[in-house]
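Each remark here refers to the structure printed beneath this line.
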Amino acid sequence: VQLQASGGGLVQAGGSLRLSCAASGYTFSVYIMGWFRQAPGKEREFVAAIRGSGSTTYYRDSVKGRFTISRDNANKMVYLQMNSLKPEDTAVYYCAASPRPWNSVIAGSFKAADFGSWGQGTLVTVSS
């Protein structure tokens with residue numbers, strides 16, 4: 001499993017960015033895909049996840065209504081559309097893949113440990 005994230009950058013508060021993650025080396029459509037982030041001096045935290053079929057999504061409360069996760073199984077891509085960005089969204093964003101069942105991962109509150117494969121991260125900086 002290989003994941004390559006891109007799309008980060010510097011944006012003003014209130015702006016938008018779209019992160020992309022290209023996957024290879026596995027049957028993409030059976031994996032849950034997630035986005036996590038890690039701000040300086042803080043632990044990595046869950047942001048959003050999408051089921052293999054794309055039928056179900058889940059978000060942390062602080063990004064609900066602002067971020068949208070989506071996937072293109074034909075092209076093995078997952079996206080994170082981020083709108084109304086805030087300075088507190090500043091972090092390195094990572095895409096991740098989990099082969100575990102959706103109900104198992106959601107029961108565990110989307111712990112990073114449930115995601116066995118990770119991309120290299122892309123930096124998002126939101127200026128005030």
Side-chain angles (χ1 to χ4, degrees):
V1 177
Q2 292 184 322
L3 302 172
Q4 181 81 25
S6 61
L10 174 64
V11 63
Q12 289 188 330
S16 298
L17 280 175
R18 188 174 86 149
L19 305 183
S20 300
C21 178
S24 62
Y26 67 107
T27 306
F28 181 73
S29 61
V30 303
Y31 278 64
I32 296 170
M33 295 300 298
W35 287 96
F36 289 74
R37 66 187 181 188
Q38 187 166 17
K42 295 188 177 181
E43 292 187 355
R44 190 170 298 190
E45 64 182 18
F46 167 78
V47 176
I50 187 166
R51 205 162 185 166
S53 64
S55 61
T56 309
T57 58
Y58 195 86
Y59 300 90
R60 70 178 299 107
D61 286 346
S62 62
V63 307
K64 285 180 182 177
R66 300 189 298 123
F67 291 11
T68 302
I69 187 171
S70 61
R71 64 191 296 160
D72 176 352
N73 284 347
N75 293 299
K76 295 188 174 182
M77 296 290 296
V78 63
Y79 304 99
L80 186 68
Q81 177 66 44
M82 305 185 294
N83 299 328
S84 302
L85 282 160
K86 304 175 180 180
E88 52 263 42
D89 295 318
T90 294
V92 176
Y93 283 72
Y94 299 88
C95 61
S98 175
R100 297 174 64 88
W102 178 262
N103 289 341
S104 172
V105 178
I106 198 171
S109 301
F110 296 94
K111 296 190 304 291
D114 284 334
F115 290 76
S117 301
W118 294 81
Q120 85 289 0
T122 184
L123 176 63
V124 173
T125 304
V126 184
S127 62
S128 57

So, [X] side chain and [Y] main chain: donor-acceptor pair closer than 3.5 Å or not?
X	Y	answer
Thr57	Ile50	no
Arg60	Phe46	yes
Arg66	Ser84	yes
Gln120	Gln4	no

Check: Arg51/Ser53 side-chain N/O donor and acceptor closer than 3.5 Å
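No, because no side-chain N or O of Arg51 sits under 3.5 Å from a partner of the opposite role on Ser53.
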
Classify the ring geometry between Trp102 and Phe110 as parallel (under 30°), tilted (30 to 60°) or perpendicular (over 60°).
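If you compare the ring of Trp102 with that of Phe110, the planes turn out perpendicular.
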
State, yes or no, whether a side-chain contact exists between Ser29 and Thr27 at a heavy-atom distance under 4.5 Å.
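Yes. Closest side-chain heavy atoms under 4.5 Å.
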
Does the side chain of Tyr58 come within less than 4.5 Å of Val105's, by heavy atoms?
no

Stepwise, does the side-chain contact (heavy atoms from CB on, under 4.5 Å) test hold for Ser20 with Met77?
CA-CA 7 Å; Ser20 300; Met77 296 290 296; 3.8 Å; yes

Spacing of [atom1] belonging to [X] relative to [atom2] belonging to [Y], to within rounding of 0.5 Å:
X	Y	atom1	atom2	answer
Cys21	Leu80	SG	CG	10.5 Å
Ser62	Lys86	OG	NZ	7.5 Å
Arg18	Ser16	CZ	OG	12.0 Å
Tyr31	Lys76	OH	NZ	10.5 Å

If you take all heavy atoms of [X] and [Y], which pair is closest and at what distance?
X	Y	result
Asn73	Gly52	ND2-O, 2.9 Å
Met33	Ile69	O-CD1, 3.8 Å
Ser128	Ala13	CA-CB, 4.4 Å
Gly108	Asp114	CA-OD2, 4.5 Å
Ala49	Ile32	CB-CG2, 4.2 Å
Phe115	Ser98	CD2-CB, 3.6 Å

If you take the centroid of each ring, where Trp contributes its six-membered ring, are Phe67 and Tyr59 closer together than 6.0 Å?
no

Measuring centre to centre across the rings, with the benzene-like ring taken for any Trp, is Trp118 within less than 6.0 Å of Phe36?
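They qualify: ring centres under 6.0 Å apart.
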
With Arg37, which of Leu123, Leu19, Val124, Val63 fulfils side chain to side chain contact (heavy atoms under 4.5 Å, CB included)?
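It is Val63, the one option of Leu123, Leu19, Val124, Val63 that forms the side chain to side chain contact (heavy atoms under 4.5 Å, CB included) with Arg37.
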
Between Asp61 and Lys64, does any side-chain N to carboxylate O distance fall below 4.0 Å?
yes

Please test Asn75 against Phe28 for side-chain contact (heavy atoms from CB on, under 4.5 Å), starting from the C-alpha separation and ending with a verdict.
CA-CA 9 Å; Asn75 293 299; Phe28 181 73; over 6 Å; no

Same apolar cluster: Leu85 and Leu10, side chain cutoff 4.5 Å
no

Let's go through Trp35 and Val78 carefully: what are the C-alpha distance in whole Å and the side-chain angles of both, what is the deciding distance for side-chain contact (heavy atoms from CB on, under 4.5 Å) to 0.1 Å, and is it a yes or a no?
CA-CA 9 Å; Trp35 287 96; Val78 63; 4.0 Å; yes

Take Thr68 and Tyr79 through the side-chain contact (heavy atoms from CB on, under 4.5 Å) test and state the conclusion after the steps.
CA-CA 8 Å; Thr68 302; Tyr79 304 99; over 6 Å; no

